[in-house]
Number of protein chains: 2
Amino acid sequence: MIGVMPRQAEAERNDRALLEAAREVLAVDGAHASVASIAARAGVGIGSLYRRYRSKTELFQHLVEIALDQWTEIAERGLAHDDPWDGLVHYVTSAVGIGSLAPLAGMVTITDEMAEKNARSDKAFAALIDKAHEAGVLRADVTAIDVLLLVEQLGKSPLIEQLQRQGREDLLEAARDARRRVIAIALDGLRPSDHPLPGDPPGMDLFSERWA
Amino acid sequence: MIGVMPRQAEAERNDRALLEAAREVLAVDGAHASVASIAARAGVGIGSLYRRYRSKTELFQHLVEIALDQWTEIAERGLAHDDPWDGLVHYVTSAVGIGSLAPLAGMVTITDEMAEKNARSDKAFAALIDKAHEAGVLRADVTAIDVLLLVEQLGKSPLIEQLQRQGREDLLEAARDARRRVIAIALDGLRPSDHPLPGDPPGMDLFSERWA
DNA sequence: TAGGGCCGGAGCGTTTCGCTCCGCAACCCA
DNA sequence: TGGGTTGCGGAGCGAAACGCTCCGGCCCTA
């Protein structure tokens, strides 16, 4: 460890490192992410991981709980923006940073508390979309689910994940800059447009059973 | 097997099924995709897989070769379009269908022939981008690499992959429709815009060592 | 300096892996 | 129709990777 550090502070730092490492490894390795790789990426022994969490599942459970908090906060903060477009941009760019937790579907159990938080998040997000629609800054033929799918699509970054797998830390910053440009392109596609979207708006059922 | 079928025709059908299954499983499971799951999804025994390919690596190698051919064909066909914008749309929508083979990086060896084909594909794609720029249908601040990254980003579909993992075949068609809308949104973001992209255009080095 | 608590990681049993090999069924030719 | 051949599916092998336990040793405290 670098320098002197009180015990409690180190434990706290380790816990944060574990959660971040878990997210990164999960993005790269998907559902097959191993506890050994998570601990290694966090710069922590396996033993420390198992002192904090009783099992791999429990760690993932905690990860989902935190993500739900973040999604709610992001949606409500975006809704609080004066400019609806800025609020939407804030939501998309922030949500993309959280990353997709889809690989965890089926591994975690959804508590009532989590379902409630999820509903709250959805509600704020729907209000944000409505606000943008009313202000005329969001194309009329796009629905909240379209935007959610777009965010999820932007959440995973194949290039960044591959560079992480290869350990090319030197290129990561450039890749992240490039990703911001791609996100900006996609966001521009959400502005009012004369070119209508194909097909019918997607139904809610696509998202309703995501964590089943 | 269903009905009577000559031996050679069945073998050919099996090979095609194997390649398609390999692509699907690879998209869902990433680099950890197992031969057993590939064979099962193709509706074929493991033995048949190993009669056609000497190893898992050889199958993946073949997959990359085919993808290179497809990329080249798509780029040259897009370039041949009279309307540059239609050509670009054709390229993006088709390339997205091929899917990302990024997980295979490091598992396959790049032959000179493959490198040459890749160069040919890149050249046609660059010409396609130039043509669109000159016609003024593609936003000026976007580079060929931006578009490549966008295509790669759109290539993976977390929702579809998750539904496949869960075996929810009933929702797959709706998910694919929804995905087409997301792609259309992103494509609209490529049209000329008054809102400049952030940062500097990405460098070629991001893609140069992809298969290292 | 003596003690206690937290650390990293070796190693357990289990699962999953890539791959081989063989019994059986389908087809061809006499 | 019957014997030979060809290609099929999948049981099972050794090896590798997995989740998790447990303990020797280091660091902090007093």
Side-chain angles (χ1 to χ4, degrees), chain A residues 1-26 28-64 103-104 106-109 165, chain B residues 1-26 28-64 103-104 106-109 165:
Chain A
M1 213 53 58
I2 301 170
V4 180
M5 190 181 256
R7 302 289 267 247
Q8 190 180 349
E10 178 176 341
E12 206 169 309
R13 194 203 70 100
N14 280 353
D15 190 29
R16 243 193 297 274
L18 271 176
L19 288 169
E20 186 179 331
R23 259 215 297 250
E24 291 172 357
V25 174
L26 207 66
V28 173
D29 293 340
H32 300 72
S34 69
V35 287
S37 58
I38 292 174
R41 175 165 274 270
V44 155
I46 300 176
S48 298
L49 190 155
Y50 275 95
R51 206 170 310 104
R52 178 70 184 80
Y53 301 98
R54 272 176 297 191
S55 69
K56 180 182 173 179
T57 302
E58 191 173 300
L59 168 61
F60 286 161
Q61 185 91 15
H62 194 195
L63 215 56
V64 173
L104 295 184
M107 304 178 76
V108 298
T109 60
R165 234 190 327 259
Chain B
M1 214 55 56
I2 302 169
V4 180
M5 189 180 256
R7 302 289 266 246
Q8 191 179 348
E10 177 175 339
E12 206 168 309
R13 194 203 70 99
N14 280 352
D15 190 29
R16 243 194 297 275
L18 271 176
L19 288 170
E20 186 180 330
R23 259 216 295 251
E24 291 173 356
V25 174
L26 207 65
V28 173
D29 293 342
H32 299 72
S34 69
V35 288
S37 58
I38 292 173
R41 175 165 274 269
V44 155
I46 300 175
S48 300
L49 190 156
Y50 275 96
R51 206 169 311 102
R52 178 69 185 81
Y53 301 97
R54 272 177 296 192
S55 69
K56 178 182 173 181
T57 302
E58 192 173 297
L59 168 61
F60 285 162
Q61 184 91 15
H62 194 195
L63 215 57
V64 173
L104 295 183
M107 303 178 76
V108 298
T109 60
R165 234 190 326 257

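FYI, side chains are in, hydrogens and waters are out, and symmetry mates aren't considered; it's all heavy atoms of this structure. Given the structure is predicted, the values throughout are model-derived calculations rather than measurements. Chain A is the first sequence line, chain B the second, and so forth, proteins listed ahead of strands; every chain is numbered from 1.
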- [ ] Examine D/dA17: is either OP1 or OP2 under 4.0 Å from a nitrogen or oxygen in the side chain of A/S34? Give yes or no.
- [x] no

- [ ] Measure the distance from CG on A/N14 to P on C/dG9 and round it to the nearest whole Å.
- [x] 13 Å

Open item on the list: Quick check: do B/L19 and B/L59 have side-chain heavy atoms less than 4.5 Å from each other?
Closed with: yes

Task: For atom CG of A/D15 and atom C1' of C/dC6, their distance in whole Å - done: 15 Å

Open item on the list: Rounded to whole Å, how long is the line connecting atom CG of A/L49 with atom P of D/dC18?
Closed with: 14 Å

TODO: Could you state the atom-to-atom distance from CD1 of B/I38 to P of C/dT16 in whole Å?
DONE: 17 Å

Task: 5' priority, DNA chain C, between B/K56 and B/R51 [closest heavy atom] - done: B/K56

Task: Comparing A/H32 and A/R54 on DNA chain D - which has the more 5′ nearest nucleotide - done: A/H32

Open item on the list: Heavy atoms from C-beta onward define the side chain here; which of C/dG8, D/dC20, C/dT20 lies closest to that of B/I46?
Closed with: C/dT20

Task: Between P of C/dG5 and CZ of A/R52, the distance in whole Å - done: 20 Å

- [ ] Tell me what B/A40 touches on the nucleic acid: a base, only sugar-phosphate, or nothing, going by heavy atoms under 4.0 Å.
- [x] nothing

Open item on the list: Rounding to an integer number of Å, can you tell me how far A/Y50 OH sits from D/dC20 P?
Closed with: 4 Å

- [ ] Decide yes or no for B/L63 and B/L26: does some side-chain heavy atom of the first lie under 4.5 Å from some side-chain heavy atom of the second?
- [x] yes

